Chemist: 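Take this structure first; my questions come after.
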Amino acid sequence: MADLMTAVRVHAIGGPEVLRPELVPRPEPGPGEVLVEVHAAGVNPPDWYARSGFTLIPPQLRPVPVLPFTPGTDVSGVVAAVGPGVRRWRPGDAVFGLLRFPTTVGAARGYAEYTTAPEGDLAAKPAGLEHVRAAAVPMAGLTAWQFATEHAPVRGGETVLVNGAAGGVGHLLVQLAKRAGADVVAVASGRHAAFLQGLGVKRFVDYTTTAVAAEIHDVDLLFDTVGGPHAHRLVAALRDGGVLAPVFYGDYGDEQLARRGIRRQSGQVRSHGGQLAELAGLLAAGELRVELDSVHPLTDAPAAHARAEQGHLQGKIVLDVTGGRV
Ligand SMILES: NC(=O)c1ccc[n+]([C@@H]2O[C@H](COP(=O)([O-])OP(=O)(O)OC[C@H]3O[C@@H](n4cnc5c(N)ncnc54)[C@H](OP(=O)(O)O)[C@@H]3O)[C@@H](O)[C@H]2O)c1
């Protein structure tokens, strides 16, 4: 009989309570894959979008979840075995990665004691970074990296506004933009003021007490990690001819963008072990830090999703997978 392991599974679409820790067979790595003993798994919006039926995604783009599934795309752990043809990794290597994204949406089976991973999705975990912190990085870090270097490259001397600046993607975008030499304006609720000032932002604006676009003008580049029906209100902070980089869906008013010559630059994050290795270098050098909002045992995955849905995150939510079995 196959070895058993604990994995969190979703058998029916619903609230956080549908996340159930169960004993399931340990997977086997296929060609080009490694088996990772997971020490920690990051929690990301697509995990809970999938669990709740993707209701926040516009209907025409909404994927159909295949039940049952194990959520989780971000893991940090140790290579336990390698499949045929794997050259980069050996048993015992400490690795982290964003797995199979976007092909599996939020269901790459990261919320488990073991998971399989394409070898190219992984990077070596920095030795000084604990697994719970490394697991917080992959999706948010690669999103920030791909936005700040590919979709809407940040240039030194620019003024960059990050909306949702304290969140998983936001706080990493703040740091990458600052590192590229930009002056960063951070927009978030007031509870995050000290945290964001500690990351070296030039200006902090509390959107709960201030009409942002009445205070801030002539921004060169706007990274919006919030979106939504009121997203167009922030566009007034951009200069004519500036760049709007939406990280999520939002109503920005195409007419206004065209009239003012504002370019929209966006994209979908994808797995990339090479870019993650670049982020690992910055983390190891202390040039980038990842903040933890909260850490929950794997078997408390419902509490982690309940926290995610409360909003107002400061950094990332992570599941500690070393803490016990069902
Ligand atoms: N394009 C892609 O490939 C891609 C990749 C990753 C994520 N995403 C999307 O990007 C979004 C952000 O992801 P995330 O992981 O960073 O989420 P998150 O960790 O939950 O962060 C969201 C942040 O936005 C802040 N916020 C909420 N409402 C706000 C408002 N009206 N104005 C300003 N800030 C507000 C929240 O805190 P406060 O309200 O307390 O400030 C929170 O810190 C999600 O919708 C996700 O699906 C897209």
Side-chain angles (χ1 to χ4, degrees), residues 42-52 54-58 61-63 71 73-74 98 101-103 105-106 135-148 150-152 161-176 185-196 199 201 204-213 215-216 222-235 237 244-251 264-272 275 290-294 304-318:
V43 173
N44 287 289
D47 309 354
W48 51 276
Y49 297 166
R51 191 214 72 227
S52 55
F54 293 107
T55 49
L56 288 177
I57 308 288
L61 300 172
R62 200 172 286 169
T73 58
D74 283 11
L98 166 64
F101 204 84
T103 43
V105 202
V137 173
M139 178 177 285
L142 286 169
T143 303
W145 182 271
Q146 290 165 12
F147 267 80
E150 294 178 352
H151 306 316
L161 190 156
V162 180
N163 191 34
V169 176
H171 83 294
L172 297 169
L173 263 174
V174 163
Q175 295 173 74
L176 293 180
V185 179
V187 176
S189 68
R191 56 171 71 70
H192 308 299
F195 167 60
L196 290 163
L199 295 182
V201 301
F204 171 81
V205 184
D206 177 353
Y207 72 88
T208 67
T209 57
T210 309
V212 180
E215 289 281 321
I216 305 291
L222 162 57
F223 289 116
D224 185 9
T225 75
V226 178
H230 305 301
H232 54 91
R233 291 181 188 161
L234 261 191
V235 174
L244 167 68
V247 181
F248 194 58
Y249 305 101
D251 175 4
R264 188 201 286 246
Q265 310 270 104
S266 193
Q268 170 68 65
V269 67
R270 63 192 192 284
S271 299
H272 198 308
Q275 292 178 345
V290 60
E291 181 75 6
L292 296 181
D293 178 276
S294 52
H305 275 220
R307 169 69 196 100
E309 290 186 0
Q310 282 164 3
H312 303 302
L313 267 61
Q314 184 165 299
K316 296 288 304 172
I317 300 172
V318 174

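Since the model is a prediction, treat every value here as computed from it, not as a measurement. In each ligand, atom 1 is the first atom listed, and ligand 1 is the first ligand listed.
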Chemist: May I ask you to check if ligand 1 and G170 share an N or O to N or O distance below 3.5 Å?
Modeler: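 The answer is no, given that G170 and ligand 1 share no N or O pair closer than 3.5 Å.
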Chemist: What atoms in ligand 1 come closer than 4.0 Å to a heavy atom of H192?
Modeler: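 Ligand 1 atoms under the 4.0 Å threshold to H192: 37 (O), 38 (P), 40 (O), 41 (O).
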Chemist: Counting N and O atoms only, with roles assigned by atom type, does the side chain of Q146 sit under 3.5 Å from a partner on the main chain of R270, one being a donor and the other an acceptor?
Modeler: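 Pair found, side chain donor or acceptor close to backbone of R270.
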Chemist: Which protein non-hydrogen atom lies closest to atom 19 (O) of ligand 1, naming both residue and atom, and how far is it?
Modeler: G168 N, 2.9 Å
Chemist: Within less than 4.0 angstrom of ligand 1, does P102 place any heavy atom?
Modeler: no
Chemist: Which residue owns the protein heavy atom closest to atom 21 (O) of ligand 1, what's the atom, and how far is it?
Modeler: G167 CA, 3.3 Å
Chemist: Counting distance only, does the side-chain N/O of T143 pair as donor-acceptor with the main-chain N or O of V269 below 3.5 Å?
Modeler: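 No; zero donor-acceptor contacts below 3.5 Å.
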Chemist: If you measure every N/O of S189 against every N/O of ligand 1, is any gap under 3.5 Å?
Modeler: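 For ligand 1, there is an N or O atom that lies under 3.5 Å from one belonging to S189.
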Chemist: Would you say L313 and R307 make side-chain contact, with heavy atoms under 4.5 Å?
Modeler: yes
Chemist: Just to confirm my output: which protein heavy-atom neighbour is closest to atom 10 (O) of ligand 1, and how far is it?
Modeler: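 Sorting protein heavy atoms by distance from atom 10 (O) of ligand 1 puts V247 CG1, 3.6 Å first.
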Chemist: If I take atom CG from residue D224 and atom CG from residue N163, how far apart are they, to the nearest 0.5 angstrom?
Modeler: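 Result: 4.5 Å between the selected atoms.
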Chemist: Please check whether G267 reaches ligand 1 - meaning an N/O of the residue sits under 3.5 Å from an N/O of the ligand, judged on distance alone.
Modeler: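 Yes; the residue has a nitrogen or oxygen that sits under 3.5 Å from a nitrogen or oxygen of the ligand.
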Chemist: Are V162 and V185 close enough that some pair of their side-chain heavy atoms sits under 4.5 Å apart?
Modeler: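 When only atoms from C-beta onward are counted, V185 and V162 do not touch, as no gap falls below 4.5 Å.
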Chemist: Nearest non-hydrogen contact with atom 6 (C) of ligand 1 belongs to which option: T143, N163, V212?
Modeler: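 Ranked by closest heavy atom to atom 6 (C) of ligand 1, first place is T143.
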Chemist: Which class fits the ring pair F147 and F223: parallel under 30°, tilted 30 to 60°, perpendicular over 60°?
Modeler: perpendicular
Chemist: Which bit of H230 gets closer than 4.0 Å to ligand 1, counting heavy atoms only: side chain, backbone, both or neither?
Modeler: neither
Chemist: Is Q265 reaching over with its side chain to a backbone N or O of H151, donor-acceptor style, under 3.5 angstrom?
Modeler: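 Here the side-chain-to-backbone pair exists.
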Chemist: Number the atoms of ligand 1 from 1 as they appear, then name those within less than 4.0 Å of a heavy atom of Y49, with their elements.
Modeler: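 In order of numbering, the contacting atoms are 44 (C), 45 (O), 46 (C), 47 (O).
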Chemist: Checking R264 side chain against L244 main chain: does a donor-acceptor pair fall under 3.5 Å?
Modeler: no
Chemist: Distance alone, cut at 3.5 Å: any donor-acceptor contact between the side chains of Q314 and H192?
Modeler: yes
Chemist: Could you list the atoms of ligand 1 found under 4.0 angstrom from a heavy atom of Q268?
Modeler: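 Near Q268, meaning under 4.0 Å from one of its heavy atoms, ligand 1 has 3 (O).
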Chemist: At their closest point, which heavy atom of P229 faces which heavy atom of D251, and how far apart are they?
Modeler: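 Minimum heavy-atom separation between P229 and D251: O-CB, 3.8 Å.
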Chemist: Distance to 0.1 Å, residue and atom name: give those for the protein heavy atom nearest to atom 42 (C) of ligand 1.
Modeler: L313 O, 3.7 Å
Chemist: For the atom pair OH (Y207) and CG (L234), what is the distance rounded to the nearest 0.5 Å?
Modeler: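 Rounded to the nearest 0.5 Å, the OH-CG separation comes to 11.5 Å.
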Chemist: Just to verify, which of D74, N44, D293 counts as forming a side-chain hydrogen bond (donor to acceptor under 3.5 Å, both in side chains) with K316?
Modeler: N44
Chemist: Are any of the N or O atoms of Q314 closer than 3.5 Å to those of ligand 1?
Modeler: no
Chemist: Under a 4.0 Å heavy-atom limit, does R191 contact ligand 1 with its side chain, its backbone, both, or neither?
Modeler: side chain
Chemist: Tell me, which protein residue and heavy-atom name are nearest atom 3 (O) of ligand 1, and how many Å apart are they?
Modeler: V269 N, 2.6 Å
Chemist: Around atom 25 (C) of ligand 1, find the nearest protein heavy atom and jot down its residue, atom name and distance.
Modeler: G164 CA, 3.9 Å
Chemist: Are Q275 and E150 linked by a side-chain donor-acceptor pair shorter than 3.5 Å?
Modeler: yes
Chemist: Tell me the protein heavy atom at minimum distance from atom 31 (N) of ligand 1, and give that distance in Å.
Modeler: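 The closest heavy atom on the protein side is Y207 CE1, 3.5 Å.
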Chemist: Measuring from atom 14 (P) of ligand 1, which candidate in V169, I317, V226 has the nearest non-hydrogen atom?
Modeler: V169
Chemist: Among all protein heavy atoms, pick out the one at the shortest distance from atom 37 (O) of ligand 1; state its residue, atom name and that distance to 0.1 Å.
Modeler: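 For atom 37 (O) of ligand 1, the nearest protein heavy atom is H312 CA, 3.2 Å.
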Chemist: When you compare the side chain of L176 with that of W145, does any pair of heavy atoms fall below 4.5 Å?
Modeler: yes
Chemist: Numbering the atoms of ligand 1 from 1, which are under 4.0 Å from a heavy atom of A188?
Modeler: 41 (O)
Chemist: Could you say whether the N/O atoms of A166 and ligand 1 ever approach to under 3.5 Å?
Modeler: no
Chemist: Does ligand 1 have a heavy atom under 4.0 Å from the side chain of P45, from its backbone, from both, or from neither?
Modeler: side chain
Chemist: Provide the number and element of each atom of ligand 1 under 4.0 Å from a heavy atom of T225.
Modeler: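 Per the distance check, 10 (O), 11 (C), 12 (C).
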